[in-house]
Amino acid sequence: MSDKIRVRFAPSPTGHLHIGGARTALFNWLFARANKGAFILRIEDTDLDRSTDEYIQAIIEGMNWLGLTYDEGPHRQTARFDVYKAHIDRLLAEGKAYYCYCTREELEAKKEAAIAAKIPYKYDGTCRNSEDAREGVSPVVRFRMPQHGATIVDDLIRGRMVFENEQLDDLVIARSDGSPVYNFVVVVDDVDMGITHVIRGDDHINNTPKQIQLYKAIGHGEPPLFAHLPMILGADKTRLSKRHGATSVMAYKDMGYLPEALNNYLVRLGWSSGDQEVFSMDEMVAQFDFSHIGKSAGVFNPEKLLWLNAHYIKTSASERLAELIRPFLAANGLLAEDAAVDSAWLAKAINTLKERSQTLVEMAGQMRFYIGDTVEFDQKTKEKFLTPDAQPLLESLRDRLQDLADFSHDGIESVFKGICENAGIGLKKIAQPARVALTGGTASPGIYELVEVMGRSLAVARLNAAIEAMKAV
RNA sequence: GGUCCCAUCGUCUAGCGGUUAGGACGUAGCCCUCUCAAGGCUAAAACACGGGUUCGAUUCCCGUUGGGACUACCA
């Protein structure tokens, strides 16, 4: 256990698992799996006002959906307040931290003054050397940050970064109510949990030197190694947020995306392995390495994700898709959740839809080809294809399908071919009117498979309905 | 304002001193074809700028410009 790699994903439960968090989780997971290490889930819920149990569940749900299994956790920081308290007391006793009685108002005023005078703001250290308690003020605890020398971060992705210690603030580690603050608990937990590598977004870069100083005060050995991942940006190159559309992982599930598509998209946003674009989870694990993680922020590209999703739909087993699509069919009203529809039939239908569906939502919509007694005709389409010339052809088609002994793809094909030969016409002359009659539209799966999956009775019924509609004109 | 990070087609990226600067998404055209897709082929499309270093810079160094993050008793 001593030199085993241990990494963690540490989201705060103040929202759903979003795209950026999911990628951080994925990279941690990949690194752990690639090195036979441990992947730990830690919930950073020290912000009591904004954290909720619902979001904890939502984050876990998102990770489960993506298949990012964790080996330990979820650990909750709110369950460890006594641990933090002990560290704070010790730091206080050792003089590495001190009580600060400055009020928020005073601090705010000093900050505004600094900004107005255009000088860089930093806590002025009023309480650093004075032990004077003030009546009626419950103090915060500040960490005594070294003010000389420099803190060096040898980032696994960015290389060496040097921070002058005089730039570092005496940061608050405990609020006036005694509760510990993020930068502090992160360090305590990483030490306690034996974290060897901290893989996180590069929005944490400026926290790193502060945390390293905390490690030196709290930890025993060396601080962990750091790897700062580039940010994910929206199309306008600002940090990805709700403004850019769906950002929660589960929203993608609801929009009919497959988890492997999202994982594959995310892994290629910032990391590469030559020219390869499509990766199974096993391939990602086998090929993942820090040296091919880029440094620059990436723009989230929904079109490419959609392309990957279409790819995975095309290549997934239809049996699996048949199960996944049921909720979507229930949602669009085509098939009740508990409808007794044969999965084998569903899979057969999906076979004809896979190559023309980019999402499960889209595929569920296309199930209209096969489910439902009536079809709606667009007026223009009807005029163009359900012509007087076509009527006898459709009648003939109906009769032949009615009498067809071998109601298979090949049997159906021979029916169409037979009609073409009889009438001396090309397939196009009958296929398009038939397609319109059977589906109401001009775009559908191949006509033979369409009829086959639809089944004899529905095909005949729809043909009859179309023929009636033609007569009515 | 301060600190830090970043910079190859519109986007994701390959490249690790000498390449016709490669791939992918998207876009356009063609082929295939019963429609729509899928698939195949082709095309347009990039090294931000200026200095160095070097026989030679997309690649190494510095600066400029441009983006971004952080700058809380949030995480």
Side-chain angles (χ1 to χ4, degrees), chain A residues 10-15 44-47 49-51 100 102-104 107-108 111 114-122 138-142 153 155 158 161-164 167-169 171-183 185-186 201-209 228 230-231 233 235 237-239 265 268-278 291-292 294-308 310-311 314 353-358 366 385 413 416 420 426-436 439 441-448 450:
Chain A
S12 67
T14 54
E44 310 235 319
D45 55 352
T46 51
D47 184 341
D49 293 336
R50 295 198 300 148
S51 300
C100 172
C102 297
T103 64
R104 289 172 198 260
L107 261 16
E108 195 57 41
K111 186 172 180 180
I115 291 171
K118 297 203 174 188
I119 53 174
Y121 173 75
K122 188 181 158 190
S138 12
V140 299
V141 177
R142 283 186 188 271
V153 182
D155 192 274
R158 280 151 220 283
M161 298 184 281
V162 179
F163 298 83
E164 296 301 325
Q167 300 288 344
L168 304 179
D169 232 334
L171 83 184
V172 172
I173 58 177
R175 301 180 179 90
S176 48
D177 67 0
S179 64
V181 168
Y182 166 77
N183 270 304
V185 297
V186 166
D202 72 10
D203 48 335
H204 287 283
I205 283 179
N206 284 309
N207 287 148
T208 308
H228 286 100
M231 297 265 84
L233 274 24
K237 304 235 183 187
T238 63
R239 193 183 178 133
Y265 177 72
R268 279 289 288 106
L269 220 185
W271 175 80
S272 62
S273 184
D275 283 340
Q276 190 170 344
E277 293 289 349
V278 176
S291 66
H292 287 93
K295 298 176 186 171
S296 49
V299 174
F300 183 77
N301 181 347
E303 281 78 32
K304 187 159 181 184
L305 170 58
L306 194 58
W307 171 75
L308 276 165
H311 168 80
K314 272 190 295 250
L353 266 21
K354 277 161 101 167
E355 295 201 331
R356 51 207 112 223
S357 307
Q358 293 186 293
Q366 294 180 116
F385 293 100
E413 179 172 358
F416 276 86
C420 287
L427 182 59
K428 199 176 292 194
K429 294 278 186 204
I430 173 77
Q432 272 309 74
R435 191 185 319 279
V436 171
T439 69
T442 55
S444 85
I447 195 77
Y448 312 137
L450 180 76

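Letters go in sequence order (proteins before strands), and every chain restarts at 1.
In this structure, V181(A) reaches the sugar-phosphate backbone alone: every heavy-atom distance under 4.0 Å involves primed, P, OP1 or OP2 atoms, never a base. Using a 4.0 Å heavy-atom criterion, one finds that T46(A) contacts the sugar-phosphate atoms exclusively. The residue P209(A) sits apart from the nucleic acid: no heavy atom pair falls under 4.0 Å. Within the nucleic acid shown, L427(A) comes within 4.0 Å of at least one base atom, counting heavy atoms only. I115(A) comes within contact range of no nucleotide atom at all, as no heavy-atom separation falls under 4.0 Å. Within 4.0 Å (heavy atoms only), D203(A) reaches sugar-phosphate atoms of the nucleic acid but no base atom. As judged by a 4.0 angstrom heavy-atom cut-off over every strand, E44(A) is placed among residues touching the sugar-phosphate backbone only.
Side-chain contact annotation: T439(A) with R435(A), donor-acceptor N/O pair under 3.5 Å absent.
The nucleotide whose nearest atom lies closest to any side-chain atom of Y448(A) is, among rA72(B), rU11(B), rC34(B), rC34(B). Nearest to the side chain of H292(A), among rG15(B), rA37(B), rC6(B), sits rG15(B).
Proximity of K111(A) to the phosphate of rU71(B): no side-chain N or O atom is located under 4.0 Å from OP1 or OP2. At least one side-chain nitrogen or oxygen of K314(A) sits closer than 4.0 Å to the OP1 or OP2 atom of rG39(B). Between K237(A) and the phosphate of rU11(B), there is a side-chain N or O to OP1/OP2 separation shorter than 4.0 Å. OP1 and OP2 of rC4(B) both lie 4.0 Å or more from every side-chain N or O belonging to R158(A).
Between the side chain of E277(A) and the base of rG23(B), a donor-acceptor pair under 3.5 Å is found. At a cut-off of 3.5 angstrom, the base of rC36(B) holds no donor-acceptor pair with the side chain of S444(A).
Using a 5.5 Å limit on the distance between ring centres and a 30° limit on the angle between planes, the aromatic ring of H204(A) does not count as stacked on the six-membered base ring of rA69(B).
Between E303(A) atom CD and rA24(B) atom C1' the separation is 14 Å, expressed in whole Å. One atom, NZ of K122(A), and another, C1' of rU71(B), lie 13 Å apart when rounded to the nearest Å.
Among residues two or more places apart in sequence or in another chain, the salt bridge (charged side-chain N to carboxylate O under 4.0 Å, His left out) test is passed with R104(A) by none.
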